[in-house]
Structure formats: structure tokens, C-alpha cells
Amino acid sequence: MSIRVKLYLSYVAMVFLPMVLILSFVVFLLYAGGMQDLREYFRVEKEEKTNQSLIYGELKYVIENDTDKLSSPGYIEDLQRRLAEQWAGIIFAKDEVITDVPLFLKELSPHEDWQALFNESPDAVSFKAFKFQINEISFQYPDGHSGQMLLLRRYDVVPPLWRPVGALIFSAVVGLTSLLLTYFVSRSIFRPIHALKTAALQIKDGDLSQQVVVRSKGEVGQLAAAFEAMRIQLKESIDQSLQYEENRKQLLSHISHDLKTPISAIKGYVEGIMDGIANTDEKRQRYMETIYHKANDMDQLIDELFLFSKLDLHKVAFDFKTIDMTKYLEHFLDEQRFDLEKSGVWLSFESFSDQPLLIAADPDKLGRVLTNILNNSEKYMSQLPVSADKRVRVSVWERGDHVLVAIEDSGPGIEKEDLPYIFDRFYRAEQSRNSETGGSGLGLAIVKQIIEGHGGKVWAENVEAGGARFCLLLPKALPVRTVTEHEEHINH
Ligand code: ADP
């Protein structure tokens, strides 16, 4: 529920809930007090005063015209009964001495000193929480004695204390309900905000691993979801920069190692020549050749490193052209065939599409990709015995809106545990981590960078019959729309 709706509902509840509670309370009180019908209560309240007035009228007449009746116990008893029904009664006195006290008053206040009350004759008196108004009337008995009446009538149907108590209860109920509602509503808002605050503090302290769990929906829930998304994003970017940092360190250590090894070798051979260890022309020639090869290796490594770092920093501009992959591969492999055959490698090419397979590619960079893969195949197949069948099969076909190129060799294949890492920079499977195979460990990393720069994907797998297979998946070029005759005439 949104905060706005929650607040609206709580305001409405603050107004209506106390009313409902008070009403229920009053109804309960009336019910408990024997007044089962509320209408009865109001009828009594309304009629009590009218009925009292009627009896007073009658009494006035009796006092003025028929005082005989006041000496008749039967009439007095009937009068007191009728008055009692209307919560009124008369204390009669003859010559200032009380002669009759209404029964219902005696019941209301059994220990009352009625004579004292009579002598005092106050304006009002309270019996059992009810307030009675007192009026004194004097008259003359027919026998000449002076008579006095104290007329007591209930002032208010509701006991006087009830009104302030009722108001107090009402205020308490209103206050309590608003207090409780405010507490629950604010708790439902502040709790998730508190959870967010805790999460924010954790993030401030660098702990990004704690998930922000806020169950509430509405605005705070949305805020928490945005916060959680931010935390994940932040964590990813921090993890990524840590990874970059780690990669950079590794790269530095690999570069220094890979440069140090040939340089130490070159130094050793040069010293050998200078110290006269290479004391024959043949030896000197061999030393010089080794120095040349080592320098060549270094040159190649530096070249690859340079290209790789430029690719890594996205500083290499791709010169995209729309090319037909089948034609391109045919042409490229024709050029490679001769060199490969010299090393005893048989190269074949097959296209499984009779349509031109158009892709947007930088032909030079793509050439670099293929060279690196073919060089690897040649390099790892050269480890096989001379009699072994050395083949490289290149095939191309259409796969949805992509073109798939597979380069398969009949070499030793790649160890299963190495497969996920061979495209990482400087990764070399253990068996090839020796100077014989050479290689910078950057060849496939460069392949990956270039293919991804083309919006494609590259992966390696092993061929069941033995050997490695490298797959390049490249997106097809979008069809170029030819300008229609109509458009040609539009003056741009
Ligand atoms: P390297 O310079 O060591 O060849 P690459 O990045 O070109 O580095 O290749 C990474 C690793 O992948 C190699 O060390 C090798 O273990 C494996 N690899 C690459 N191509 C082949 C292949 N055709 N056959 C077997 N293993 C290969």
C-alpha cells in the first residue's frame, strides 16, 4: 500500500473509529443498564419533564382549591407513586415537621436526615449521582395548620458526573486511537526506511554483500528496489575494477617474465661470444642464430603485446567493410595453403551456403584472427610424429542471422580443464609452457578481442576424432537498401 493511501486511510480511521467505539460503548452501557431500545431512552428523557409538569399543574390546583386531598393518605400515596415514575417526589411537612417522604427517595438515600434537609431546604441536592432540584411550596391545611412541601425533581436524566466523564472517555478514545493509528502507520513507513538506512551505512562502510530486504510495497518498496539495483550495480563495478586491477598486475608480471627470459638468454649467448666460449666459427654462427631467434621472439611478443593493449583499451579503429565470408576465406586460405603445406599440413575449405554470406568486417583484423588460429594449429600439430595425418579443415555456413566459421585441426586437442581459459591473456596450457612451443599466450586473447570488436563470439571445443575446433560466430551485415528511382529524384 502506498504511503499516501495509508495516510488517507489512517486519517479517515482517526475520525470514524472513535465514533464507532464510543457508540458501541454507549449501546453496551444502555443494554447493560436494561435500556435495550435506544428510542426508549430518548422517549423517557423527553416525556419525563412533560409528565412532571402535568402533575405539578394538578398539584397547583389541589393546593389552591382542594387542600382536603392533601390530608388523604390514599391521595398522597397515589401522588407520590405517579411522581416517582417521573423521578420526582414531595416531602410533606405539617407545622415544619415532616409527615411524608417519598419511598423512592428513601430508597435512593436510606440514611438521609430528611428533617435536617427540610430545615435547610437547599436549592438542589444529589442522590446516587443524580441531581435533584428543590422547590419549597407553602400551603394551608383545611384544619388551619401550616403545611410545607419540598418538591424534589430530577434535574437531568443523565447523572451530572456522566457528562465530563463521557467527554473524558471520548477524548481518551480519540487520543488513543490516533496515537495507535499514528504509531502503526509510521512504523510501517519508518521500519523499511530504517532498513534502508542500515543498508546505506553498510555500503558506506564498504560492505556491498548485504542484500537490501524490504518487504513493504508502495513508495518505500520501490525505493528499496532501486537501492538494491544500485547496490548490485555498484558491487559489479567494484568487482570489475578489482578484476581489472588483478589483470593489470598479472599482465605486468607476465610481461616482465616473458621479456626477461629471452633477454637473459641473449645476454648469456653474447657473453659466451665475448668470453670466447664460442671459439669456433660454427659455434659463433649457432650463437648468433639463437640470438637472432630470441630477438625475433621478443619482437613478436612486443608486437602482440602492443596490439593486445591497444585492443584492450579500445584504441584500435576497425575499418569495417561488407565482405562475402565465403570469398574472403577462399582467398585468404589460398594464400596460407602454401606455407602450411611446407610444414606438412593439409588445408581444406568448404562452404555450406550457396548464397553470399555478407558480414561487416575489418579484413585485416579478421586475417589476424585466422592467422593466429592457423598458426596455433600448425604449432600444436608439429608436436605430433612426422608420420601423423595433419589436417586443418575450415568450413563456413549460415546460422540464423549469423555466419559461423569453424577451424578444425587434427592436433592434440585442448585439455578439458584448459578450455575455459585459453582465451585469457597469457594463458598457456601447462604442456605448452615451455620454450619449444614458443608463443606469447596472447594469440587467442587477441582473437577474442577482435571477434568481440566485430560483435561476434568465439569459442573452442575438441573434435571427437581428436584435435581442436575453433568457432567464430559473426553477425551478418544488415542488407544495404538500394536507392529507388523515386528517391534519386528527390533534391537532397
Ligand atoms: P600460445 O601463444 O601459448 O599459443 P594462445 O593464446 O595462442 O597462446 O593459446 C593459448 C593456449 O591454447 C595455448 O597455450 C594452448 O594450450 C591452447 N591452444 C591454442 N590453440 C590450440 C590448438 N590448435 N591445439 C591445442 N591447443 C591449443
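Note that the coordinates shown come from a computational prediction; the quantities given were computed from them, not determined experimentally. Order of listing sets the numbers, starting from 1, for every ligand and every atom in it.
Counting heavy atoms under 4.0 Å from ligand 1, residue Met381 does not touch it at all. Of the heavy atoms in Asp409, only side-chain atoms (C-beta onward) come closer than 4.0 Å to ligand 1.
In terms of the side-chain hydrogen bond (donor to acceptor under 3.5 Å, both in side chains) criterion, Gln355 has no residue partners (sequence neighbours excluded). The side-chain hydrogen bond (donor to acceptor under 3.5 Å, both in side chains) check on Arg337 picks up Asp334, with sequence neighbours excluded.
Proximity to Ile414 (heavy-atom distance under 4.0 Å) selects the following atoms of ligand 1: 25 (C), 26 (N), 27 (C). Numbered from 1 in the order shown, with element, the atoms of ligand 1 that lie under 4.0 Å from a heavy atom of Leu444 read 5 (P), 6 (O), 7 (O), 9 (O), 10 (C), 12 (O), 19 (C). Less than 4.0 angstrom separates some heavy atom of Ser377 from each of these atoms of ligand 1: 23 (N). Applying the 4.0 Å criterion to heavy atoms of Lys379 picks out, from ligand 1, the atoms 1 (P), 2 (O), 4 (O).
No more than 12 heavy atoms of other residues, nucleotides or ligands sit less than 6.0 Å from atom CZ of Arg393.
For Thr261 (side chain) and Asp258 (main-chain N/O), no donor-acceptor pair under 3.5 Å exists by modelled atom type.
A cation-pi arrangement, defined by a distance under 6.0 Å to the six-membered ring centre and an angle within 45 degrees of its axis, is absent between Lys294 and Tyr269.
Looking at ligand 1, you won't find any N or O of Phe470 less than 3.5 Å from one of its N or O atoms.
Between Trp397 and Phe352, the ring planes lie perpendicular to each other; the angle is over 60°, past the 30° to 60° tilted range.
When the options Gly413, Gly443, Gly467, Gly411 are ranked by their closest heavy atom to atom 25 (C) of ligand 1, first place goes to Gly413.
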